[in-house]
Enquirer: 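Before I ask anything, here is the structure I am working with.
The model shown is predicted, which means the values in this text are computed figures rather than measured ones. Worth knowing before you read on, the calculation uses all heavy atoms, side chains too, and leaves out hydrogens, waters and symmetry mates.
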Amino acid sequence: MYYTTGFRRDEIQDLVAIVYEQDQRDATEACLSWPPVLGLFWSVVITLAYLRGNRVQWELAETYGVSQSTVSRAITGVTPLLAQALRSVVPTAEELRADRQYIIDGTLLPCWSWAAVPGLWSGKHRTTGVVVQVAATLEGQLSWISDPTPGSRHDLYCLDQSGALDHLATSPPIGDKGYIGRGMLTPFKKPPGRELLDWQKTFNKSLNHTRATIERVIAHIKTWKVLHTDYRRPYATFKTTISAVIGLIFYTLT
C-alpha cells in the first residue's frame with residue numbers, strides 16, 4: 001500500500017478520519033460522497049494511488065476489483081474533500097517570513113489541451129498546462145506554492161498575481177533571469193556585444209549553485225505524478241486536484 005500511495009496504513013487511516021469529518025461538515029443530504037461498494041477507506045486509498053501515480057482509472061478498477069465508474073466516483077468524491085480538509089496546513093503568501101530568504105521558481109503542471117480552454121499552451125515548455133510558483137528556504141524546505149495560472153503566462157506575471165513579493169521586502173528572494181526587474185537576486189544577463197566580467201561570472205555561478213536547491217524541491221513535488229504527467233480528467237477538476245496534492249504534500253511536512 002505504501003508503494004502505491006506513499007502513505008502507511010496508519011497514515012491513511014488518519015486521512016480517512018480527516019476526510020470523514022470534512023464530509024460531515026459539508027453534508028447537505030444523506031448520500032455519501034464516495035461509493036458505498038468501496039467504503040471510505042478504499043475510496044481514499046484509490047484516490048491516493050491515482051494522485052501519486054496518475055494511474056489510468058481502468059487499471060485501478062482492475063487492481064481493486066471494481067468498475068471504472070466506481071473508481072471515477074471515488075476520485076471525484078474524495079479529491080475535493082482532501083483539498084478542503086487540508087487547506088489549513090497549506091501556507092499562504094502572507095505567511096512567508098520577511099526576515100528569511102527564499103528561492104523562488106516556476107514550474108509547469110502539464111495537462112491535456114482543451115479547445116474550450118485557451119491560454120494553456122506554454123511556449124517555454126512546448127506543451128499545455130498551468131504554472132505555479134514555488135518557494136523554498138536555502139536549506140531546501142518547501143515553504144509555499146502559489147495558485148495555478150494558465151501556462152501561457154510568464155513567471156513574472158504569476159509571481160505578481162500571487163502577491164508573494166509584497167511580504168519579502170527585507171530579504172529579497174533568489175530567482176533565475178526570468179525574474180529580473182522585481183528586486184530579486186538574479187543572475188546577470190550577458191550584455192549585447194560583450195562578455196560578462198569575471199566577477200559577474202563568479203556571481204552567476206554561485207547563485208546558480210544556490211538555485212539548484214529549488215530544482216530538487218520541485219522534483220520532489222512532482223513525485224506526485226498527477227502534477228508531472230498529463231492531467232487527463234476534465235479541466236474543471238484540475239485546480240481542485242492540484243489543491244488536494246499540495247495539501248497532502250504539506251500535510252506530510254507537519
Side-chain angles (χ1 to χ4, degrees), residues 1-90 109-114 116-117 128-130 132 145 147-148 220-254:
M1 190 174 295
Y2 175 81
Y3 296 103
T4 56
T5 67
F7 292 91
R8 300 188 308 271
R9 177 176 283 271
D10 61 312
E11 294 173 325
I12 294 175
Q13 288 171 338
D14 290 341
L15 285 171
V16 167
I18 291 171
V19 168
Y20 179 77
E21 290 173 3
Q22 185 63 48
D23 182 68
Q24 293 301 296
R25 287 193 292 268
D26 294 349
T28 56
E29 51 188 32
C31 64
L32 300 175
S33 300
W34 52 87
V37 68
L38 280 174
L40 179 53
F41 178 83
W42 288 108
S43 293
V44 171
V45 169
I46 286 175
T47 302
L48 292 174
Y50 162 72
L51 296 173
R52 176 65 74 174
N54 198 15
R55 294 172 63 183
V56 177
Q57 291 182 9
W58 277 112
E59 178 195 359
L60 288 167
E62 185 176 272
T63 300
Y64 293 96
V66 293
S67 67
Q68 179 273 331
S69 60
T70 297
V71 168
S72 179
R73 290 198 303 274
I75 295 170
T76 300
V78 171
T79 303
L81 293 174
L82 281 171
Q84 185 66 23
L86 298 175
R87 179 180 294 181
S88 61
V89 304
V90 178
L109 312 181
C111 65
W112 278 358
S113 176
W114 283 273
V117 188
T128 49
V130 296
V132 295
I145 303 176
D147 291 334
H220 179 72
I221 291 170
K222 291 193 172 184
T223 58
W224 291 87
K225 295 295 180 61
V226 78
L227 302 185
H228 183 55
T229 52
D230 276 352
Y231 186 74
R232 297 183 294 269
R233 294 178 66 220
Y235 180 75
T237 67
F238 196 16
K239 185 174 181 179
T240 300
T241 299
I242 294 169
S243 297
V245 175
I246 290 174
L248 288 164
I249 291 170
F250 280 105
Y251 175 77
T252 62
L253 298 178
T254 57

Enquirer: Measure the spacing between CD1 of I242 and CG of D147 and express it to the nearest 0.5 Å.
Expert: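 Going from CD1 on I242 over to CG on D147, the span is 9.5 Å.
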Enquirer: Is there a side-chain contact between K239 and P148, using heavy atoms and a 4.5 Å cut-off?
Expert: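 Result yes, sub-4.5 Å side-chain heavy-atom pair found.
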Enquirer: Just verifying a value: how many Å separate W58 CH2 and S67 OG, rounded to the nearest 0.5 Å?
Expert: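 Answer rounded to 0.5 Å: 7.5 Å.
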Enquirer: Does L15 reach the side chain of L248, with side-chain heavy atoms less than 4.5 Å apart?
Expert: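 In short, these two side chains touch, coming nearer than 4.5 Å.
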Enquirer: What verdict does the side-chain contact (heavy atoms from CB on, under 4.5 Å) test give for I46 and V78, after you've listed the backbone C-alpha separation in whole Å, the side-chain angles of each residue and the deciding distance to 0.1 Å?
Expert: CA-CA 9 Å; I46 286 175; V78 171; over 6 Å; no
Enquirer: Give the minimum heavy-atom separation between I12 and F7, together with the two atoms involved.
Expert: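 In this case the closest contact between I12 and F7 is CG1-CB, 3.6 Å.
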Enquirer: Is the side chain of T252 donor-acceptor paired with the backbone N or O of I249 at a distance under 3.5 Å, no angle test?
Expert: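 Here the side-chain-to-backbone pair exists.
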Enquirer: Does Y64 have more than 12 heavy atoms from other residues, nucleotides or ligands lying within 6.0 Å of its OH?
Expert: yes
Enquirer: For atom CD of Q13, decide whether the heavy atoms of other residues, nucleotides or ligands shown that lie under 6.0 angstrom number more than 12.
Expert: yes
Enquirer: With side-chain contact (heavy atoms from CB on, under 4.5 Å) as the test, would you mind laying out the steps for T47 and W34 before giving the verdict?
Expert: CA-CA 11 Å; T47 302; W34 52 87; over 6 Å; no
Enquirer: Just by modelled atom types, is the N54 backbone N or O under 3.5 Å from a matching donor or acceptor in the R232 side chain?
Expert: yes
Enquirer: With W114, which residues qualify under ring pair (Phe, Tyr, Trp, His ring centres under 6.0 Å), at least two apart?
Expert: Y235
Enquirer: Restricting to non-hydrogen atoms, name the atom on G77 and the atom on P80 that form the minimum distance, rounded to 0.1 Å.
Expert: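 Here G77 and P80 meet closest at O-CD, 3.6 Å.
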Enquirer: Have a look at M1 and tell me which of R8, R9, E11 forms a side chain to side chain contact (heavy atoms under 4.5 Å, CB included) with it.
Expert: R9
Enquirer: So among T241, I75, L227, which one has a side chain to side chain contact (heavy atoms under 4.5 Å, CB included) with L51?
Expert: T241
Enquirer: Check K222 against L109 and note the closest heavy-atom contact, atom names and distance.
Expert: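 Closest approach of K222 to L109: CE-CD2, 3.9 Å.
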Enquirer: Could you check Y231 against T237 for side-chain contact (heavy atoms from CB on, under 4.5 Å), going step by step and ending with a plain yes or no?
Expert: CA-CA 10 Å; Y231 186 74; T237 67; 2.6 Å; yes
Enquirer: Could you check V245 against R52 for side-chain contact (heavy atoms from CB on, under 4.5 Å), going step by step and ending with a plain yes or no?
Expert: CA-CA 9 Å; V245 175; R52 176 65 74 174; over 6 Å; no
Enquirer: Flag yes if more than 12 heavy atoms outside K225 fall under 6.0 Å of its NZ atom; otherwise flag no.
Expert: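 No, NZ of K225 has 12 or fewer neighbouring heavy atoms, counting only those of other groups under 6.0 Å.
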Enquirer: I'd like to know if the side chain of R55 pairs up with that of T63 as donor and acceptor (distance under 3.5 Å, no hydrogens or angles considered).
Expert: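 Distance-only check passes for R55 and T63.
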Enquirer: Identify the heavy atoms of L48 and W224 that sit nearest to each other, and give their distance.
Expert: O-CZ3, 4.3 Å
Enquirer: Are any of the side-chain heavy atoms of Y251 and I18 separated by less than 4.5 Å?
Expert: yes
Enquirer: I need the minimum non-hydrogen distance between A83 and T240, along with the two atoms involved.
Expert: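 Heavy-atom minimum between the residues: CB-O, 3.8 Å.
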Enquirer: Who passes side chain to side chain contact (heavy atoms under 4.5 Å, CB included) against S72, sequence neighbours left out?
Expert: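 By the side chain to side chain contact (heavy atoms under 4.5 Å, CB included) rule, S72 matches Q57, Q68, T76.
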Enquirer: I'd like to check the side chain to side chain contact (heavy atoms under 4.5 Å, CB included) partners of D230; sequence neighbours left out, ordered by chain and number.
Expert: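 Only P110, W112 meet the side chain to side chain contact (heavy atoms under 4.5 Å, CB included) criterion with D230.
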Enquirer: Compare every heavy atom of V89 with every heavy atom of F250, then report the nearest pair and how far apart it is.
Expert: CB-O, 3.5 Å
